[in-house]
Number of protein chains: 2
Amino acid sequence: MTIKDIAKLAGVSVATVSRVINDDAGVAEKLRNRVLQVIKETNYIPNTVGRNLRKSKSDMILVMLPTLSNPFYAKILKGIEKRASEHDYGILVSVTHHESRIEKKYLKMLQMKQADGVISLFSTLIAEELNDLAGKYPIVQCCEYTEGAHLPYVMIDNKKAAYEATKYFISSGHKRIGMISGSFYESSERAREQGYKEALMDSGLPFDEGYIFKSNYKPESAMEMCRKLLDMPEPPTAVLTVSDTLAIGAIKYLKSVGVEVGKDMDVIGFDNASITRVYDPTISTVSQPRYDLGTVSVDLVIEKINNLSTVNKGIILPHELILRESTRGEA
Amino acid sequence: MTIKDIAKLAGVSVATVSRVINDDAGVAEKLRNRVLQVIKETNYIPNTVGRNLRKSKSDMILVMLPTLSNPFYAKILKGIEKRASEHDYGILVSVTHHESRIEKKYLKMLQMKQADGVISLFSTLIAEELNDLAGKYPIVQCCEYTEGAHLPYVMIDNKKAAYEATKYFISSGHKRIGMISGSFYESSERAREQGYKEALMDSGLPFDEGYIFKSNYKPESAMEMCRKLLDMPEPPTAVLTVSDTLAIGAIKYLKSVGVEVGKDMDVIGFDNASITRVYDPTISTVSQPRYDLGTVSVDLVIEKINNLSTVNKGIILPHELILRESTRGEA
DNA sequence: TGAATCTGTGAAATCGATTACAAATGTAAA
DNA sequence: TTTACATTTGTAATCGATTTCACAGATTCA
């Protein structure tokens, strides 16, 4: 069933059918109704591929996730979908597994006009590659930012968030604070390490690089790093981790060696994963406004779709430090 | 940069360029090289939309997930991607949020030839709708099966898995066993409830519908259900849950009222989520062969893509009961 | 009434590829 | 040197839509 068939059945030209489909003004009421009638009877749906080819547009936004194992992205996606559908855009999801080869493959969809824009939750590309692409296509970054890339982005102030978390540790009496970071999500990890560092220094506490351990994002790895922290000559009494999964690993280890979390040792994670509310102890964490991160990303990418040369906005959304059992509270 | 430009630059016809691109035999070595040279110099990539329109094929498989909040699907997707790329198929992911309106929207991609086949991790459609679609397009189900639908599927034997878990409880001395199920994933939930029931009956223990509680999949809801179980006149001494998240909720509640899990009360979950290895206590669970579920799904859908009228295979993969601290062990 | 303007419609070009078919060339056999 | 046949190549149709442009008929204005 193609537009030709409809035209034939309705006794009009394909142009008229197309006009009816696209709500073009200037089709006589009588003909319009006849066509609509035929469309209804035949359950005709215009072919997307044909349309996209002709229009060089797909009304689709591609969302690029680094992984599917992190439920963190679920709510962001909901925000994205909501706002996108308000603007009559559809969503497709692709998963890069942190591989630039895969990321590049999906980005070709832009060139092919299979997607009008991209929301990237994490990019493996270098700034130069991103800048090249962003000059030609609408790409925005969400949650992570690539240093030196000039694209719109939306995220929280990671440095400030880590600063506040660290300050909180300090205000409740901690003098030695460790950090479990990573080396996957460059931009946020660096910013959080920086916030941690500045909080220590602003409080007149010594900053020692050796108190930062890099893990992969597996809890087992955090357990290992936590062991190393405890094995130091002067072990810390509090640990900031760049993700809740890492916080869980750290806590797991601490419990296994009889250290009471929230008393002997405090832990703060990142992202407010749902498990933080049910782990034992419940876990203090920095919450990101996930839904809003999603909706704002869409606003940004649509702005770029409509006019590629608009200035690249960088938007910072507010975070929140949520305190639970894994921190002891003010001293 | 289109095929026409390449043809012009190489001084040949578009047909020849197309032949070179598609590795057709019967292009003289000299011309072929000339064309390849131009293609390399210009970084030309054939336009997917044009090609898809002409070929009525996309070499894409659509993976439909019910949600992004369950990391369970991550490894399945990896299996899917691996096997698909071996067969030169690409993958697109869509998220239905358990809404049939959204699911139907994405299924239109089949009609539009934007995807050659679908792997559905969970369908909200009724058997009749699925049968209609499956008559026209390659659709396979993975992990969940819709009763009455005649499509290929791959999953574990959910009934048997629950049967074995329940039998394990019984063999370690439990006489009253509760279950926390749900009402989202009809087919697996029903099968697991049935397995639970049969295990009780085969062991001469009374089966009481009242020992099965339906939760949504939030841990908080499992806490509530667990409270109800404990409040029963004759509370169970073991609980089987249809997901690890629910197991966590149950355990959380048990700990909060001072019941020692793995001693006073045993718990088994489903899916072997990574958190089960780090929760306190670690959680016994039924593991599904996620990677293989993915690869086999692809095999099935490609078989259907190549020949829609092949018989609909149903494939059962082996599961495994993994015992950890949340179960006390043999009596 | 005739010219000017508006409306509504359809024919045909177009998007970027593939492919059926025809035509041109080359090669081998008679 | 033909003829027959295989090998290469190109022309044009095609996939399913949108859109430009021309034209016919209706309407307005002088």
Side-chain angles (χ1 to χ4, degrees), chain A residues 1-39 42-60 88 90 108-116 136, chain B residues 1-39 42-60 88 90 108-116 136:
Chain A
M1 194 55 61
T2 76
I3 198 173
K4 265 191 202 160
D5 302 314
I6 304 299
K8 198 164 292 171
L9 286 172
V12 299
S13 73
V14 294
T16 298
V17 176
S18 175
R19 289 189 187 105
V20 171
I21 293 169
N22 293 286
D23 265 330
D24 277 16
V27 177
E29 204 53 24
K30 206 179 122 190
L31 277 198
R32 155 166 272 116
N33 287 332
R34 202 152 86 212
V35 172
L36 285 175
Q37 180 63 25
V38 173
I39 289 179
T42 54
N43 282 318
Y44 164 76
I45 312 173
N47 180 293
T48 318
V49 180
R51 163 179 290 176
N52 290 355
L53 176 60
R54 179 58 227 239
K55 305 229 287 193
S56 270
K57 189 156 193 326
S58 59
D59 297 317
M60 280 283 166
D88 293 315
K108 297 222 171 85
M109 292 181 71
L110 285 169
Q111 195 180 139
M112 303 302 162
K113 315 286 183 162
Q114 293 178 280
D116 296 339
K136 292 187 244 168
Chain B
M1 192 56 61
T2 76
I3 199 173
K4 265 190 203 160
D5 302 313
I6 303 299
K8 198 165 294 171
L9 286 173
V12 299
S13 73
V14 294
T16 299
V17 176
S18 176
R19 287 185 190 108
V20 172
I21 293 169
N22 294 286
D23 264 331
D24 277 16
V27 178
E29 205 52 24
K30 208 181 120 191
L31 276 198
R32 154 166 274 118
N33 287 331
R34 201 153 85 212
V35 171
L36 285 175
Q37 180 63 25
V38 174
I39 289 179
T42 54
N43 284 316
Y44 164 75
I45 312 172
N47 181 293
T48 318
V49 180
R51 162 179 291 175
N52 290 356
L53 175 59
R54 180 57 225 244
K55 304 229 285 194
S56 271
K57 188 155 193 328
S58 60
D59 298 317
M60 280 282 167
D88 294 314
K108 297 223 171 85
M109 291 180 72
L110 284 170
Q111 195 181 140
M112 301 304 163
K113 315 287 183 160
Q114 293 177 283
D116 296 339
K136 292 188 244 166

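Letters A, B, ... mirror the listed sequences (proteins, then strands); counts begin at 1.
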Would you give a per-nucleotide map of nucleotides 8-21 of chain C, 5' to 3', where B means the base has a protein non-hydrogen atom under 4.0 Å away, S means only the sugar-phosphate does, and - means neither?
-> SBBB-BBBBBBBB-

Minimum heavy-atom distance between [X] and [Y], given as atom pair plus value:
X       : Y      : answer
R32(A)  : R19(A) : NH2-O, 4.2 Å
N47(A)  : V49(A) : OD1-N, 2.7 Å
V35(B)  : I6(B)  : CG1-CG2, 4.5 Å
V14(A)  : I3(A)  : O-CD1, 3.7 Å
Q114(B) : M60(B) : O-CB, 3.7 Å

Nucleotide dG10(D), atom C1' - distance to NZ of K8(B) in whole Å | 15 Å

Rounded distance (Å) that lies between atom C1' of dA17(D) and atom NZ of K57(A) = 16 Å

Would the number of heavy atoms belonging to other residues, nucleotides or ligands and lying under 6.0 Å from NZ of K57(A) be above 12?
-> yes

Within 6.0 Å of NZ in K4(A), more than 12 heavy atoms from elsewhere = no

Output the distance between atom CG (N43(A)) and atom CD (Q111(B)), rounded to the nearest 0.5 Å.
-> 9.0 Å

The bend of the helix from dT1(C)-dA30(D) to dA30(C)-dT1(D), taken between the axes of its five terminal pairs at each end and rounded to 10°, is 50°

